[in-house]
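The basis for the numbers below is simple: all heavy atoms, side chains too, and nothing from hydrogens, waters or symmetry mates.
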Amino acid sequence: MTSDADIVFDVQGPLACVLLNRPKALNALTHEMAVALDNKLKVWESDPRIAALVIRGQGSRAFCAGGDIRKLYDEGRAGSRYPFDFYHDEYRCNARIHRFPKPYVSFLDGIVMGGGVGVSVHGSHRIATENTVFAMPETGIGLFPDVGGSYFLSRLPGALGMFLGLTGTRLKAADAICAGVAQFHVPSSALDALQVDLAKSEPGHREAVSLVIRRHATDPGAPSIAQHRATIDRAFGQPSVEAILEALDAEEDAFAAGLAAQIRTKSPTSLKITHRQIREGAKRNFDECMRMEWRMVNRVIRGHDFYEGTRAVVVDKDQKPAWRPPTLDGVHAADVDAYFAPLGKDELRYDWD
């Protein structure tokens, strides 16, 4: 698949192929890419010639490093509709991926963050490589782990989802598999052969796809996160962000102290809405989770911390965001409630409603 397009679609036998094709931008997702993918999935889900799908990024630096945050920042500050349109259509695409009726195989080769998580993790098969770096770092830019984070993070083992959502910790292949983010490890150099194998096989059901993947799979090594699971579950199972920090402080070890320090650099508002989001997500189906996240992001776009966090991390890169409010005790229950309030006629709707 060679093209100048930002997203490239191809069909190889029974296999639909998607290439995220912005390598200089780490394959960051644009509004146009999200709409194009959603439209193509709509066709492929009912096309009897298509048995399965593979999605990958151009190059091995990144599968997809997220949404195009700089464009969202610039357009949002200018008062444009672009951020609303982007998130609206991205979330609808995420929901379509979750309900896609055929095997959906993601090659997580390189950085997988934010929007890249949304177009991969909700599919049936996720393959990590030696290049995989997975994270949901949104609390560090005044956002929250969206693109279905409320659904999949809340369903990871123990308190791993809350841990990943609040801290933005990066996972390599072995840890991503241990956490349930990915299921298989395949060397980056073997991905082309795997794709050919899938196209030659009869990948019409999930176990058939799994059998093909296992022929190429290798041992990712020992996960480092396993030794800290007890600490993570004790601390991140607490009923509030403040209680999580107290629990981490009480652990009195370097790992817990490092996590507490990480959390204290994040947007206090983002931390509190993320904590509630993940706990609420455990009670909701996927479509409901995306409606909840759409409510939340509407308020984030109209707020302060997303622009300040993006300025500090992406634009000026001074790593010194001035959060508003600056501390957790300044974020009140009513403030959090406002992010989850209904939107009336502007609620997120799907074409399958």
Side-chain angles (χ1 to χ4, degrees), residues 1-23 27-60 62-64 89-110 112 115-129 132 147-148 152 181-184 186 188 190-217 286 350-352:
M1 291 186 290
T2 58
S3 172
D4 293 331
D6 289 344
I7 186 167
V8 183
F9 304 106
D10 190 20
V11 175
Q12 299 171 2
L15 191 66
C17 304
V18 180
L19 179 68
L20 307 176
N21 193 35
R22 300 183 70 214
N27 298 319
L29 199 67
T30 66
H31 179 223
E32 293 78 10
M33 291 164 71
V35 170
L37 178 57
D38 187 56
N39 288 336
K40 189 61 75 169
L41 292 176
K42 196 183 304 184
V43 173
W44 282 341
E45 66 187 10
S46 58
D47 186 338
R49 297 169 296 178
I50 300 300
L53 178 149
V54 164
I55 184 169
R56 62 193 303 181
Q58 181 68 269
S60 59
F63 165 74
C64 173
D89 293 334
E90 182 189 28
Y91 290 1
R92 283 166 54 96
C93 181
N94 299 149
R96 193 177 300 280
I97 291 167
H98 181 264
R99 72 195 304 272
F100 193 69
K102 301 170 184 179
Y104 184 107
V105 185
S106 305
F107 290 177
L108 307 180
D109 193 25
V112 187
V117 175
V119 297
S120 61
V121 78
H122 308 308
S124 60
H125 296 75
R126 285 94 59 196
I127 298 170
T129 76
T132 298
V147 296
F152 87 86
V181 171
Q183 307 127 311
F184 306 93
V186 174
S188 179
L191 293 177
D192 287 345
L194 170 56
Q195 184 166 325
V196 169
D197 233 7
L198 285 168
K200 288 180 178 177
S201 70
E202 297 181 9
H205 57 88
R206 294 186 178 190
E207 188 50 38
V209 169
S210 297
L211 286 171
V212 175
I213 295 171
R214 288 190 188 104
R215 293 204 292 265
H216 296 262
F286 194 90
Y350 310 103
D351 52 359
W352 53 86

Determine yes or no for a side-chain-to-main-chain donor-acceptor pair under 3.5 angstrom, with [X] supplying the side chain and [Y] the backbone.
| X | Y | answer |
| --- | --- | --- |
| D10 | A16 | no |
| R126 | S106 | no |
| H125 | R206 | yes |

Atom [atom1] of [X] and atom [atom2] of [Y]: how far apart are they, to the nearest 0.5 Å?
| X | Y | atom1 | atom2 | value |
| --- | --- | --- | --- | --- |
| S124 | H205 | OG | NE2 | 12.0 Å |
| E45 | R99 | CD | CZ | 6.0 Å |
| R56 | I127 | CZ | CD1 | 10.0 Å |
| S201 | L194 | OG | CG | 9.0 Å |

Looking at every heavy atom in both [X] and [Y], which two are closest together, and how far apart are they?
| X | Y | answer |
| --- | --- | --- |
| Y91 | V147 | CE1-N, 4.0 Å |
| A199 | P14 | O-CD, 3.1 Å |
| G116 | S120 | O-OG, 2.8 Å |
| N27 | A62 | ND2-O, 2.8 Å |
| I55 | L53 | N-CD2, 3.9 Å |

Would you please name every residue forming a side chain to side chain contact (heavy atoms under 4.5 Å, CB included) with [X], sequence neighbours left out?
| X | answer |
| --- | --- |
| V11 | W44, I50 |
| R214 | F184, E207, S210, L211 |
| E32 | T30 |

side-chain contact (heavy atoms from CB on, under 4.5 Å) between L198 and L15, worked out | CA-CA 7 Å; L198 285 168; L15 191 66; 4.0 Å; yes
Check salt bridge (charged side-chain N to carboxylate O under 4.0 Å, His left out) between K42 and all other residues, then give those that pass, not counting sequence neighbours.
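So K42 forms a salt bridge (charged side-chain N to carboxylate O under 4.0 Å, His left out) with D351.
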Next on the checklist: Run the salt bridge (charged side-chain N to carboxylate O under 4.0 Å, His left out) test against R215 and tell me which residues pass, sequence neighbours left out.
Outcome noted: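 Residues passing salt bridge (charged side-chain N to carboxylate O under 4.0 Å, His left out) with R215: D197.
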Non-neighbouring partners of [X] that pass side chain to side chain donor-acceptor pair (under 3.5 Å), sequence neighbours left out:
| X | answer |
| --- | --- |
| T129 | D109 |
| Y104 | none |
| D89 | H31 |

Listed by chain and number, what are the ring-ring contact (aromatic ring centres under 6.0 Å, His included) partners of H216, not counting sequence neighbours?
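Partners of H216 by the ring-ring contact (aromatic ring centres under 6.0 Å, His included) criterion come out as none, since no residue qualifies.
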>> The criterion is ring-ring contact (aromatic ring centres under 6.0 Å, His included); which residues satisfy it with F107, sequence neighbours excluded?
In response: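 For F107 there are no ring-ring contact (aromatic ring centres under 6.0 Å, His included) partners, ignoring immediate neighbours.
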Relative to the ring of F286, is the ring of H98 parallel (under 30°), tilted (30 to 60°) or perpendicular (over 60°)?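 Taking F286 first and then H98, their aromatic rings lie parallel (interplane angle under 30°).
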Margin query: The test is side-chain contact (heavy atoms from CB on, under 4.5 Å); show your working for F63 and V119 and say whether it passes.
Written below: CA-CA 10 Å; F63 165 74; V119 297; 3.9 Å; yes
Throw together a table of side-chain donor-acceptor distances under 3.5 angstrom for residues 33-41, partners on residues two or more places apart or in other chains.
{"from": "D38", "atom 1": "OD1", "to": "R96", "atom 2": "NE", "distance (Å)": "2.6"}
{"from": "N39", "atom 1": "ND2", "to": "V35", "atom 2": "O", "distance (Å)": "3.3"}

Give the C-alpha distance, both sets of side-chain angles, the deciding distance and a yes or no for side-chain contact (heavy atoms from CB on, under 4.5 Å) between Q195 and L191.
CA-CA 6 Å; Q195 184 166 325; L191 293 177; over 6 Å; no
Fill in: Test log, rule side-chain contact (heavy atoms from CB on, under 4.5 Å), inputs L19 and I7
CA-CA 6 Å; L19 179 68; I7 186 167; over 6 Å; no
Salt bridge (charged side-chain N to carboxylate O under 4.0 Å, His left out) for D47 and K102? Distances and angles first, verdict last. CA-CA 10 Å; D47 186 338; K102 301 170 184 179; 5.9 Å; no
